[in-house]
2 protein chains.
Amino acid sequence: MTDPKSTRMTKQRQVILNELRKVTSHPTADNIYDMVRARMPHISLGTVYRNLELLARQGDIQKLSIDGDRVHYDGDVSEHYHIRCVKCGRVDDYPVEANISTKELNQGCGYEVAGFKLEFSGVCPKCKKKSLS
Amino acid sequence: MTDPKSTRMTKQRQVILNELRKVTSHPTADNIYDMVRARMPHISLGTVYRNLELLARQGDIQKLSIDGDRVHYDGDVSEHYHIRCVKCGRVDDYPVEANISTKELNQGCGYEVAGFKLEFSGVCPKCKKKSLS
DNA sequence: TTACCTGCAAAACCTTTGCAAGTAC
DNA sequence: GTACTTGCAAAGGTTTTGCAGGTAA
């Protein structure tokens with residue numbers, strides 16, 4: 001896939017973006033496919049993937065791809081961090097300040113450092129309850 | 001796959017561990033398959049995956065699964081961080097101190113926090129050169 | 001009008017798994 | 001002897017892609 005020179009706001013793209021901005025649940029591509037199909041039954045999964053990729057490249061959404069498991073998407077592009085449940089895979093926002101300044105980054109091993117990813121892991125409230133019973 | 005009650009040090013497992021400890025290159029399962037096949041031509045890729053999983057669960061090696069791309073493995077289990085080249089996917093050690101204390105972690109959003117993953121991204125020296133020409 | 005985009009289905013890709021034979025302990 | 005492990009090959013699940021017809025600007 002090569003980058004297009006310009007992009008168009010198609011109905012599909014708009015609906016995907018809307019649905020994603022509407023929730024705080026960090027859905028996977030498949031989740032988003034389901035959400036969007038409720039409004040647009042004939043959309044294809046391929047289109048969902050193509051648009052998520054494009055929107056992420058444009059900076060309209062965020063791709064959360066930490067930890068091997070499948071990719072999650074976030075309509076909130078402001079700087080914040082996440083926590084993933086090791087039992088069920090659920091992803092939530094995690095309010096913490098990371099004092100890693102990007103200024104001090106360009107010092108190691110010859111890389112042109114661009115940024116970092118930080119993700120927490122743990123057991124979510126629901127799974128905590130479940131393991132008690 | 002359920003955890004075995006005890007594990008045996010098979011030749012395959014030993015060679016995989018040796019090869020991984022020998023390098024600092026953070027290879028993927030496929031890379032390791034190639035490395036091991038040089039010494040043990042009949043080993044199967046399935047065996048490599050099974051052993052990497054098991055060794056990681058035992059804490060003998062580290063699984064680096066940040067950032068969507070395929071999983072890399074690290075024979076060095078001491079605490080340190082990594083940087084991944086956004087162009088070629090290469091993974092190197094990145095010497096930085098992260099002052100995120102695990103004590104302050106159990107405060108957010110009802111999770112039982114277990115840990116965090118931190119990975120840097122940038123352009124590696126080779127790819128920097130390439131993009132200049 | 002013309003890139004860009006879509007739906008569909010097939011392909012690609014990495015990883016996991018079932019099974020019968022082999023092996024560490 | 002008996003779990004644990006292997007090689008092989010097939011299956012699994014997610015993501016990507018080719019193509020011909022559609023559509024935003």
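Every chain is numbered from 1, with letters handed out A, B, ... down the list of sequences. Only a predicted model underlies this, so the values are computations on that prediction, with no experimental measurement involved.
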Atom [atom1] of [X] and atom [atom2] of [N]: how far apart are they, to the nearest Å?
X	N	atom1	atom2	answer
Leu52(A)	dT15(D)	CG	C1'	11 Å
Ile43(A)	dG7(C)	CD1	P	5 Å
Arg50(B)	dA9(D)	CZ	P	14 Å
Glu53(A)	dT14(D)	CD	P	17 Å
Gln14(B)	dT6(D)	CD	C1'	16 Å
Arg70(A)	dC14(C)	CZ	C1'	15 Å

Thr47(B) or Thr28(A), whichever maps to the more 5' nucleotide of DNA chain D: Thr47(B)

Contact nearer the 5' end of DNA chain D, comparing Thr7(A) with Met40(B): Met40(B)

Could you check which of [options] has an atom nearest any side-chain atom of [X]?
X	options	result
Tyr49(A)	dT14(D), dG7(D), dT5(D)	dT14(D)
Gln12(B)	dT14(D), dT6(D), dG7(C)	dT6(D)
Arg13(A)	dT6(D), dG18(D), dC5(C)	dC5(C)

Donor-acceptor pair, side chain of Asn31(B) and main chain of Thr28(B), under 3.5 angstrom: yes

Expected output: side-chain His72(A) to main-chain His26(A) donor-acceptor under 3.5 Å: yes

Sugar-phosphate, base or nothing in reach of Asn51(B), heavy atoms under 4.0 Å: sugar-phosphate

Electrostatic pair Lys22(A):Glu19(A) at N-O distance under 4.0 angstrom: yes

Which atom of Leu64(A) lies closest to which atom of Arg84(A), heavy atoms considered: O-NH2, 4.0 Å

For nucleotides 22-24 of chain D, list the nitrogen or oxygen atoms of the protein found under 3.5 Å from its nitrogen or oxygen atoms, one pair per line.
unit_1, atom_1, unit_2, atom_2, d
dT23(D), O2, Arg8(A), NH1, 3.4
dA24(D), N3, Arg8(A), NH1, 3.2

Between Asp93(B) and Tyr81(B), a side-chain donor and acceptor under 3.5 Å: no

OP1 or OP2 of dT6(C) under 4.0 Å from side-chain N/O of Ser44(A): no

